[in-house]
Amino acid sequence: MAQISLTFPDGNRRDFAPGVTPAEVAASISTSLAKKAISATVDGAHHDLQWPINADARIAIHTMADEAQALELIRHDLAHVMARAVQELWPDVKVTIGPVIKDGWYYDFDRIEPFTPEDLGAIEKRMKEIINLRDVVRTEVWDRPRAIAHYEQKGEPFKVELIHGIPGDEPLRMYWHGHWQDLCRGPHLQHTGQLPADAFKLMSVAGAYWRGDSNRPMLQRIYGVAFKNRDELKAHLTMLEEAAKRDHRRLGKEMDLFHLQEEAPGMVFWHPNGWQVWRTLEDYMRRRQREAGYREIRTPQVVDRVLWERSGHWEAYRENMFIVEVDEEGAKEKRINALKPMNCPCHVQVYNQGLKSYRDLPLRLAEFGACHRYESSGSMHGLMRVRGFTQDDAHIFCTEAQIESECAAFIELLSSVYHDLGFESFDIKLSTRPEVRIGTDEDWDRVETALENAIKKVGRSYVIDPGEGAFYGPKLDFKLTDAIGRQWQCGTFQVDPNLPSRLGAEYIGEDGARHRPFMLHRAILGSFERFLGILIENYAGKLPFWLAPRQVVVAGIVSDADAYVHEVVAELRKAGVRAEADVRNEKINYKVREHSVGKVPVILAIGMKEVEERSVSVRRLGETRTDSESLTGIVATLAHEAKAPDLR
RNA sequence: GCCCCAGUAGCACAGCUGGUAGUGCGCCUCAUUCGUAAUGAGGAGGUCGGGGGUUCGAGUCCCUCCUGGGGCACCA
């Protein structure tokens with residue numbers, strides 16, 4: 001029989017009999033490798049060591065030192081071990097799927113009784129016992145009838161359904177972890193003893209629809225995390241604790257920024273500190289947009305349903321709208337209004353006042369528009385997803401020929417704003433024509449090209465998300481990356497020929513005829529609520545000086561210094577700095593601690609030495625060092641820092 | 001909307017198998033004037049998310065609604 005030739009990562013080749021497994025290959029190299037091997041990459045595909053190789057191939061044998069492969073196998077095998085543990089503890093539980101995800105895995109089970117947090121402990125314990133059994137993992141390829149019959153006989157309907165969904169030409173692989181068997185495409189470790197019993201943890205149980213479909217049964221999903229060793233697991237758990245500390249809901253309370261309460265779910269009560277940050281951000285955005293040629297407007301919150309019927313929202317968006325019924329005097333029927341969920345129809349009304357000429361275009365109408373949407377109860381989350389929010393919304397009415405330059409200008413504005421707010425990197429996604437759409441292919445070609453050209457013009461890269469555009473036009477989504485690597489979609493730019501048409505927007509062209517303008521929906525922050533949440537988390541509450549609600553606390557050390565403390569506060573306020581005095585009868589240690597915890601960026605301590613020198617002792621948040629500076633010096637420094645980046 | 005968990009003083013939490021509520025911080029008062037992350041003492045403060053039920057008796061058990069949290073679905 002002809003030999004096959006395997007090429008190793010170092011370029012060496014060796015011949016083997018066809019059907020040789022990576023395990024045998026590893027054994028032929030050294031007994032230590034055979035022992036350490038966990039899997040192999042054969043021609044770019046990750047396989048387990050039992051995978052027979054029947055043709056010439058490139059092969060790399062992996063050990064636990066190969067991070068990516070090791071983690072994939074650990075997490076994947078733990079999913080199986082967990083499912084085995086669950087079925088051993090509760091034999092009536094039906095199994096479904098259990099994929100590897102970021103940092104771990106999950107497995108979905110069908111069981112009538114809910115899993116409790118205590119159950120997780122029991123499952124974890126059983127998993128550790130299984131790992132200690134060092135059960136061999138083996139695999140077989142089965143034909144479909146056998147697999148289906150097997151699962152039908154075992155009473156595993158979800159597995160049967162899965163098999164029906166697998167393409168007919170794909171081999172069905174069965175894996176055994178000891179006596180426990182599961183349908184799986186692999187790869188897996190050689191025995192359960194290769195799993196790190198002290199480097200995984202079951203995290204939570206949650207409901208999840210079978211196959212992600214809300215019409216299908218709800219299963220119980222158990223999430224776990226796993227790493228190569230105990231230290232990495234500990235590091236991960238520590239990281240989660242750190243992330244929890246920057247949770248905007250927690251910081252919002254600690255810094256006295258805002259609160260939510262049950263009489264107004266999803267609507268924010270802004271406290272003085274939080275509202276200060278909002279106003280600073282809003283003032284900044286107002287200046288930036290004015291410079292960029294936007295005109296600010298203000299439109300109604302409550303609008304009659306007839307406008308929403310004309311705009312199409314009544315049909316498409318009704319269930320997300322807050323409806324307001326009004327008994328009008330003398331009227332036979334109640335008048336139905338809706339709180340606006342979006343600003344666009346109102347903006348068209350402003351545009352429609354007075355006949356517009358092509359000379360008026362592009363017309364950029366901006367509004368910090370307060371909108372209300374009835375979000376489903378389960379989707380709300382702190383400031384990140386609310387029912388009452390304010391968009392930094394604007395609509396640009398323009399001709400088709402102006403789309404490209406408007407888009408380019410928008411990206412540059414957005415980029416500059418993100419930079420000023422501390423976000424250096426963002427990604428652009430271009431969503432193109434969906435299956436169901438209006439307009440001709442030529443229309444779409446031109447507009448999509450205009451957006452692509454605009455992105456190229458400003459020297460940005462982008463990815464295309466085919467078919468994800470709105471039914472009326474393509475859009476750009478802008479995702480910024482925060483300090484801990486999370487991405488947030490904030491900015492958007494959408495091309496819309498539809499709404500101007502529905503609401504009868506027109507302009508008189510050079511030719512003297514009436515034309516339909518395009519409408520560009522765009523936002524940079526998205527919503528103020530959500531963006532403030534992102535800012536708080538990005539900075540872990542330590543907002544840059546210009547945004548910080550309380551910028552300076554002037555803390556007296558002895559009461560004889562009180563008069564000078566107040567003088568320092570007055571000087572700072574005169575210079576445009578948000579300063580307050582702390583002349584309480586407390587020790588300086590206490591004051592420093594309290595204001596540090598409160599994330600005040602600068603504490604100025606004042607004792608008799610400072611009174612005599614007309615100086616201040618400066619302590620910056622996060623530092624333990626203190627500097628002595630003259631009063632005039634610190635006022636000048638802080639007055640500069642207090643200015644928004646566009647005013648410096 | 002769906003599944004699970006939770007809802008006790010301003011905040012963070014304790015309160016076992018039902019016997020009528022406790023700790024820390026904060027707050028108030030007094031003393032202390034003390035140089036860079038918590039000075040000491042005293043005091044006030046809760047119809048235990050709402051409603052209903054079981055019970056001689058419910059923060060504790062049951063039902064229901066609301067809100068929050070973790071997910072899933074949703075986000076024209």
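Throughout, a chain's letter reflects where its sequence line sits, starting with A, and its residues are numbered from 1.
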Give each protein N/O atom lying under 3.5 Å from an N/O atom of nucleotides 12-15 of chain B, with the pair distance.
residue: B/A12; atom: OP1; partner: A/Lys253; partner atom: NZ; Å: 3.0

Margin query: Taking salt bridge (charged side-chain N to carboxylate O under 4.0 Å, His left out) as the cut-off, I'd like each qualifying pair that reaches into residues 620-634 of chain A, sequence neighbours left out, listed once.
Written below: A/Arg620-A/Glu641, A/Glu623-A/Arg625, A/Arg625-A/Asp627
Check: For A/Arg126, which residues count as a side chain to side chain donor-acceptor pair (under 3.5 Å) partner, sequence neighbours excluded?
Finding: A/Glu88, A/Glu129
What pairs of nitrogen or oxygen atoms, one from the protein and one from nucleotides 25-31 of chain B, lie under 3.5 Å apart?
residue: B/G26; atom: OP1; partner: A/Tyr590; partner atom: OH; Å: 3.2

Next item on the list: List in numerical order all residues of residues 378-396 of chain A for which some heavy atom is under 4.0 Å away from an atom belonging to RNA chain B.
Entry: A/Gly378, A/Ser379, A/Met380, A/His381, A/Gly382, A/Arg385
Checklist line | salt bridge (Lys or Arg N to Asp or Glu O under 4.0 Å) involving A/Glu537 - partner list, sequence neighbours excluded | finding: A/Arg486
Margin query: Restricting to side chain to side chain donor-acceptor pair (under 3.5 Å), what partner residues turn up for A/Tyr418, sequence neighbours left out?
Written below: none
Next item on the list: Have a look at A/Ala208 and say if it touches a base, only the backbone sugar-phosphate, or nothing, with a 4.0 Å heavy-atom cut-off.
Entry: sugar-phosphate
Checklist line | A/Arg373: partners by salt bridge (Lys or Arg N to Asp or Glu O under 4.0 Å), with sequence neighbours left out | finding: none
Next item on the list: Please state the P separation for the pair B/G1 and B/C62 - nearest whole angstrom.
Entry: 24 Å
Item checked: side chain to side chain donor-acceptor pair (under 3.5 Å) against A/Glu161, all qualifying residues, sequence neighbours excluded -> A/Trp210, A/Arg216
Next item on the list: Would you check if there is a donor-acceptor pair between the side chains of A/Ser559 and A/Asp562 at a distance under 3.5 Å?
Entry: no
Next item on the list: Respond yes when some side-chain nitrogen or oxygen of A/Arg373 is under 4.0 Å from OP1 or OP2 of B/C75, and no when none is.
Entry: no
Notebook entry, point to check: Which residues satisfy the salt bridge (Lys or Arg N to Asp or Glu O under 4.0 Å) test with A/Arg433, sequence neighbours excluded?
Noted result: A/Asp441, A/Asp445, A/Glu448
Notebook entry, point to check: Taking only residues two or more places apart in sequence or in another chain, which ones pass ring pair (Phe, Tyr, Trp, His ring centres under 6.0 Å) with A/Tyr564?
Noted result: none
Item checked: Side chain to side chain, A/His347 and A/His521, heavy atoms closer than 4.5 Å -> no
Checklist line | Residue whose closest nucleotide on RNA chain B lies nearer the 5' end, A/Gly266 versus A/Phe471 | finding: A/Gly266
Checklist line | Contacts of A/His313 that satisfy side chain to side chain donor-acceptor pair (under 3.5 Å) - sequence neighbours left out | finding: A/Ser311
Item checked: Sugar-phosphate only, base, or nothing, as touched by A/Gly556 at under 4.0 Å among non-hydrogen atoms -> nothing
Next item on the list: Give A/Met321 one of three labels, base, sugar-phosphate or nothing, depending on what nucleic acid heavy atoms sit under 4.0 Å from its own.
Entry: nothing
